[in-house]
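Since the structure comes first, as structure tokens, the remarks are kept for the end.
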Amino acid sequence: MTNWLEKDKKQLHPVYHPKSHANALVIERGEGVWLYTVDGQKILDGMAGLWNVNAGYGREELARAAYDQMKQLAFTSNFSGMTNLPSIQLAEKLSGFAYDGLNTTFFTSGGSEANDSAFKTARYYWKRKGKPTKYKVIARKGSYHGVTLSATFATGLEKYQTMFGPAPDGFVHIPAPNPYRYEGDLKPGETVGQAAARALEEAILREGVDTVAAFIAEPVMGVGGVIVPPDDYFPLVRAICDKYQVLFIADEVITGFGRTGEWFALKHWKVKPDILSFAKAITSGYAQLGGIQISDEIRETMESAAESEAYMHGYTYSGHAMACAVGIKNLELMEKEDYPARAKRLGKQLLEGLKTLSEFSFVGDVRGLGLVCGVEIVSNKETKTADPALTSRIFKAAQERGLRTRPLGNVLAFAPPLAIHESEVDEIVKRLGAAMDAMV
Ligand SMILES: Cc1ncc(COP(=O)(O)O)c(C=O)c1O
């Protein structure tokens, strides 16, 4: 039999360390929520790839959309002076789709490029508004925003930065509103949401109102351990951003397109960003596509700019014709199959199922919103001591039982395809329970 892993050494994988990739699964095909390896294993993909394959694997309609568009026109430059039909149609479809007043889309190939574009756009905006000293970005500890140089240092997880410093100037981190273990200071009588929002206000004042361009946040923090914020947090954040003229960038790369039970997650709290970053589920992972949406106010500053102040930003693959055609078809599927409603209903089932595992002495917290859930593993429920080693053992035991989850420090994450069925949700809980049983 071919030794695929030996051959695979010619490829440098994302977040690479030789140890972490030693026993990689070699996936050959997928169908629905199931992945099949070259050596015959069948695995329930509890992570929808990397939180993105919302429509599930093997969708004929999406393959057909790519094929038809590639045959007609796979690519043409989308730089000024040329455009293509799928990018026009997708931008039109997305206009106002996520939030009122966000009617303009700039396309990228993924989420890191989207956030990089968001930061540059925030700087551009403030220069056009005559406030060029506003360039800093405030982000949260534990956040993940991608791996371009700027996204790496907007990210609030040190391990992504250790080998890539020095950090560029202008990225500041504040505590995240983690209801299970809040790391900031909590005043008597204050809620975690209020304290975490206060941390934003204090950071703006400490850095200087005239230096802060934007605040960036994932509505539900993903890689940082699936942190669902308290309900009072984002309305307070929005008010603070307005008070100090700070743009609010919502990084909805994971939470966008139905994952949390709303098309976009800030809707849960009736809050609207100034810039929205999206990627992943726009195509359910069938093509590489991301982007930002900007407010009409930001768009206006571009329309009235002198030529010397042009928005000199863009990627070869901005508005890629095939990727946009897949995005259009995928949106059509997601609307037809009402993915936000599915995520709400099946997410409730998943969360309730996972909560039954709280009886294990090492399950400290179970949380989620729609179809994104986290199970936090601790060595002591009283002290909430994180246990990443046990988390990793449970992850491996689950994989041996045909369930793919993702260990994020001491949290096991679940974000299955939104196309998942009831019986498959039960299967996740059953297999995870069996893996946990093997630990006791
Ligand atoms: C919230 C968030 N933002 C940005 C990114 C980066 O996206 P990409 O890997 O497509 O560059 C990710 C990827 O997981 C993410 O979870």
Side-chain angles (χ1 to χ4, degrees), residues 27-36 42-76 78 84-98 105 107-111 252-264 278-291 317-347 370-372 404 415-425:
I27 308 294
E28 193 171 33
R29 78 188 171 87
E31 201 182 318
V33 299
W34 299 95
L35 292 171
Y36 298 83
K42 180 180 173 186
I43 293 162
L44 198 166
D45 185 4
M47 277 305 292
L50 274 172
W51 329 78
N52 56 339
V53 187
N54 284 14
Y57 297 99
R59 299 294 299 244
E60 188 82 28
E61 310 92 312
L62 298 177
R64 179 67 53 197
Y67 173 84
D68 288 346
Q69 185 57 47
M70 277 178 159
K71 234 174 97 190
Q72 179 144 328
L73 177 75
F75 170 83
T76 187
N78 223 27
N84 65 69
L85 296 179
S87 70
I88 294 172
Q89 287 157 352
L90 182 55
E92 187 184 29
K93 171 74 194 165
L94 290 174
S95 176
F97 180 81
T105 301
F107 289 112
T108 67
S109 302
E252 298 226 28
V253 166
I254 286 178
T255 55
F257 301 104
R259 167 71 50 201
T260 68
E262 293 279 353
W263 278 114
F264 284 81
F278 67 86
K280 296 194 187 277
I282 174 82
T283 62
S284 284
Y286 281 72
Q288 305 89 328
L289 186 65
Y317 294 133
S318 286
H320 189 280
M322 179 278 286
C324 288
V326 173
I328 292 167
K329 181 52 79 178
N330 183 52
L331 264 173
E332 201 181 298
L333 284 184
M334 293 197 288
E335 283 189 307
K336 203 168 84 197
E337 295 169 19
D338 199 353
Y339 276 10
R342 279 190 83 83
K344 208 171 261 175
R345 182 167 55 83
L346 295 163
L371 269 173
V372 52
R404 181 81 181 168
L418 305 190
I420 194 168
H421 294 292
E422 282 81 352
S423 61
E424 293 162 335
V425 170

| said: Please report the interatomic distance CD1(I328) to CG(L62), rounded to the nearest 0.5 Å. | reply: 12.0 Å
| Which residues pass the ring pair (Phe, Tyr, Trp, His ring centres under 6.0 Å) test with F75, sequence neighbours left out? | Y317, H320
| request: Would you give the length of the straight line joining atom CG of L289 to atom OG of S318, rounded to the nearest 0.5 angstrom? | output: 9.5 Å
| query | Looking only at atom types and distance, does a side-chain atom of S284 sit under 3.5 Å from a main-chain N or O of V53, one as donor and one as acceptor? | reply | no
| message | Run the ring pair (Phe, Tyr, Trp, His ring centres under 6.0 Å) test against W263 and tell me which residues pass, sequence neighbours left out. | response | F97
| field | Single hit among K336, E337, R342 for side-chain hydrogen bond (donor to acceptor under 3.5 Å, both in side chains) with Y339 | value | E337
| task | Please confirm whether the backbone N or O of L73 pairs with a side-chain atom of Q69, one donor and one acceptor, at under 3.5 Å? | result | yes
| query | Does any N or O in the side chain of N54 come within less than 3.5 Å of the main-chain N or O of R259, such that one atom is a donor and the other an acceptor? | reply | no
| request: Could you tell me whether E61 and R64 make a salt bridge, using a distance below 4.0 angstrom between a side-chain N and a carboxylate O? | output: no
| Interatomic spacing from CG in D45 to CD1 in I27 - rounded to 0.5 Å | 8.0 Å
| Whether R29 side chain and Y57 backbone form a donor-acceptor pair below 3.5 Å | no
| Would T255 and E252 count as having a side-chain donor-acceptor pair, cut-off 3.5 Å? | yes
